[in-house]
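Below you'll find the structure, written out as structure tokens, and then a few comments.
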Amino acid sequence: QVQLVESGGDLVQPGGSLRLSCAASGGTSRLYRMGWYRQAQLELVAHITIRGNTTYADSVKGRFTITVDNGKNTVYLQMNSLKPEDTGVYYCNAITYTDFNYWGQGAQVTVSS
């Protein structure tokens, strides 16, 4: 079983920055891709393969950067120039080579003045 533990959610003013982290443990050798999805419809924010190939939602391109530290089994989402519409619960996702999905508990990001 893969466990995902998220951290970094917070309240930030518009234009500010946050970094989300998601640490994976247990069976991580089976993981092919990790990423972040946003509530309420679990829209994709960004994901990255273990080889470093990235995909971003159009709404975050140029503002968010996803990276992975394979040695630490941790994926990071650096969020800059945050907007109120970025507010939501961000869920870490990990997918295996056999297309099995794991989800984190969610991290609340609130962008408000």
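Heads up: numbering here begins at 1 and tracks the sequence.
- For OH of Y97, the number of neighbouring non-hydrogen atoms (other residues, nucleotides, ligands) closer than 6.0 Å is greater than 12.
- The side-chain heavy atoms of M79 and V45, taken from C-beta on, include no pair separated by under 4.5 Å.
- One hydrophobic cluster, built from ILVMFWY side chains closer than 4.5 Å, cannot hold both I48 and Y91; they sit in different ones.
- Between D58 and K61 there is a salt bridge, since at least one side-chain N of the basic residue sits less than 4.0 Å from a carboxylate O of the acidic one.
- Defined by atom type and a distance below 3.5 Å, a donor-acceptor pair is missing between the side-chain atoms of S112 and T110.
- To the nearest 0.5 Å, atom OH of residue Y32 and atom OG1 of residue T98 are 13.0 Å apart.
- Listed for the Q78 side chain is no donor-acceptor partner under 3.5 Å among the backbone atoms of R19.
- Among N73, V68, V75, the one residue that satisfies the side chain to side chain contact (heavy atoms under 4.5 Å, CB included) test with C22 is V75.
- The two residues Q108 and V89 make their nearest non-hydrogen contact at OE1-CG2, 3.2 Å.
- Criterion: ILVMFWY side-chain heavy atoms under 4.5 Å apart, direct or through other members. Under it, L31 and Y76 are not part of a common hydrophobic cluster.
- Using bins of under 30°, 30° to 60° and over 60° for the plane-to-plane angle, the ring pair Y90/F64 lands in the tilted bin.
- At a threshold of 4.5 Å between side-chain heavy atoms, the hydrophobic network of Ile, Leu, Val, Met, Phe, Trp and Tyr places L77 and L18 in one connected group.
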